Student: 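Handing you a structure now.
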2 protein chains.
Amino acid sequence: MILKKDAENSFEAVSKGQPKPRLTAGQQSLLDTLQHQPQPLSAQALYGVMRRQQPIGLATIYRALETLKLLGLVQHRVTLTGETLYSAVEHDHHYLTCLQCGVSVPLETCPVQELAAQLQGTSSFRIYYHTLEFFGVCEGCEG
Amino acid sequence: MILKKDAENSFEAVSKGQPKPRLTAGQQSLLDTLQHQPQPLSAQALYGVMRRQQPIGLATIYRALETLKLLGLVQHRVTLTGETLYSAVEHDHHYLTCLQCGVSVPLETCPVQELAAQLQGTSSFRIYYHTLEFFGVCEGCEG
DNA sequence: TTGCAATATGATAATGATTATCATTCCAAT
DNA sequence: ATTGGAATGATAATCATTATCATATTGCAA
């Protein structure tokens with residue numbers, strides 16, 4: 001999925017004849033915040049970041065993330081410790097994670113785009129994003 | 001990674017000159033149970049299943065799953081509701097999940113094997129398994 | 001075989017991220 | 001301006017997972 005970078009309302013970029021919900025100020029604000037992060041963030045971390053700018057409740061963060069996820073604007077992945085990390089849907093960010101120490105190394109390549117496109121045609125799903133993660137043991141832990 | 005199906009001790013199949021820990025009775029039992037499941041199961045579900053055969057504590061299930069994961073014998077994935085599902089590492093099981101209703105459709109193809117092999121060489125990781133998941137909205141929910 | 005040390009197990013309490021609740025506030029359309 | 005519905009905040013509740021700790025089991029050496 002391709003996302004125009006500086007679209008007024010980012011939703012435009014992915015809506016394809018869908019009903020067009022407007023983002024609330026809070027949701028837009030969260031999306032902006034997320035788009036300026038170099039790393040995926042947990043809801044709690046976002047809470048900390050955003051609260052420095054404006055008063056906002058934790059529950060609102062969770063709800064906004066859920067909404068944005070449903071709109072295909074935000075994607076998630078789950079760490080080994082069970083926290084969910086969120087990021088704006090822009091590029092692919094895939095990881096190689098050590099099951100032992102938990103360190104995650106971002107990957108460059110993503111061979112999944114083609115399959116995604118193919119699935120889009122084959123299945124009856126409208127595909128928003130995907131996760132691809134490798135798990136193993138890193139050199140340091142390989143003892 | 002290829003796993004001989006009826007190996008005495010399944011660990012043999014993936015150990016490649018590693019220190020060779022023996023599985024405890026409980027761990028082996030859990031692995032057997034998992035290998036006979038057609039679907040990935042949560043720890044709690046495994047607790048329910050295994051308890052019908054023999055007395056076993058929930059904490060033991062979690063510990064055994066962790067151990068087997070570190071040995072490369074068991075893999076995990078996390079559902080939208082936050083529960084972790086475990087399965088024996090045998091085949092690839094990838095999914096297409098609806099963000100709205102949560103339904104998961106298993107996929108057939110897996111284009112990741114080559115990349116995995118490549119990564120094995122490039123990175124300093126010993127790769128055990130990977131997850132590949134697509135998220136979107138299914139036809140029914142596409143309102 | 002006996003005894004010791006290390007590891008595994010069970011039961012249960014504690015943790016912590018996420019959700020549900022509910023009263024209040026904001027918005028859009030009448 | 002008024003009203004109905006959605007959004008928000010604060011907080012309590014939920015629930016999978018972890019930590020704790022006492023007990024049981026195993027591996028190993030004498």
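A quick note: this is a predicted structure, and the numbers were derived from the prediction, not measured. Order of the sequence lines sets the chain letters (A, B, ...), proteins ahead of strands, with each chain counted from 1. Any value given below was found using the heavy atoms of this structure, including those in side chains, with hydrogens, waters and symmetry copies removed.
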Student: Quick one: are B/Leu34 and B/Leu73 in side-chain contact, heavy atoms under 4.5 Å?
Tutor: no
Student: Could you give the CD1-to-C1' distance, from A/Ile61 to C/dT18, as a whole number of Å?
Tutor: 13 Å
Student: Kindly indicate whether a cation-pi arrangement holds for B/Arg51 with B/Tyr47, taking the cut-offs as under 6.0 Å to the six-membered ring centre and within 45° of the axis.
Tutor: yes
Student: Return the value, rounded to whole Å, for the distance between atom CD1 of A/Ile56 and atom C1' of D/dA10.
Tutor: 14 Å
Student: Can a donor-acceptor pair be found, under 3.5 Å and without considering hydrogens, that links the side chain of A/Gln27 to the backbone of A/Thr24?
Tutor: yes
Student: Applying a strict under-4.5 Å side-chain criterion to I, L, V, M, F, W and Y, I'd like to know whether B/Leu132 and A/Ile127 cluster together.
Tutor: yes
Student: Report the distance from atom CD of B/Gln120 to atom CG of A/Leu96, rounding to the nearest 0.5 Å.
Tutor: 9.5 Å
Student: How many Å lie between CD on B/Gln28 and C1' on C/dA8, as a whole number?
Tutor: 15 Å
Student: Between the side chain of B/Thr122 and the main-chain N/O of B/Gln118, is any donor-acceptor distance below 3.5 Å?
Tutor: yes
Student: Taking atom P of C/dT9 as reference, at what distance in whole Å does atom CD of B/Gln54 sit?
Tutor: 11 Å
Student: With a 6.0 Å cut-off on the ring centroids, do A/Phe135 and B/Tyr129 count as close?
Tutor: yes
Student: Quickly work out the A/Leu65 CG to C/dT19 C1' distance and round it to whole Å.
Tutor: 14 Å
Student: Got A/Glu133 and A/Arg77 here, is their nearest side-chain heavy-atom distance under 4.5 Å?
Tutor: yes
Student: Rounded to the nearest 0.5 Å, what's the gap from OG on A/Ser123 to CD on B/Glu139? Could you check?
Tutor: 9.0 Å
Student: Are side-chain N/O atoms of B/Ser87 and B/Gln37 paired as donor and acceptor at under 3.5 Å?
Tutor: no
Student: Nearest-Å distance, CG (A/Leu30) to C1' (D/dA7)?
Tutor: 14 Å
Student: Mind grabbing the angle between the end helix axes of the helix from C/dT1-D/dA30 to C/dT30-D/dA1? Five pairs an end, 10° rounding.
Tutor: 30°
Student: Going by an N to O cut-off under 4.0 Å, is there a salt bridge joining A/Glu66 and A/Lys69?
Tutor: yes
Student: At less than 4.0 Å, is any side-chain N or O atom of B/Thr60 found next to OP1 or OP2 of C/dA8? Yes or no.
Tutor: no
Student: Within the pair A/Thr24 and D/dA6, is there a side-chain N or O less than 4.0 Å away from OP1 or OP2?
Tutor: no
Student: Check the interface with nucleotides 25-27 of chain D: list each N/O to N/O pair with the protein under 3.5 Å, or write none.
Tutor:
none

Student: Where along nucleotides 14-21 of chain D does protein come under 4.0 Å, by heavy atom, of base (B) or sugar-phosphate alone (S), with - for untouched nucleotides?
Tutor: --SBBBB-
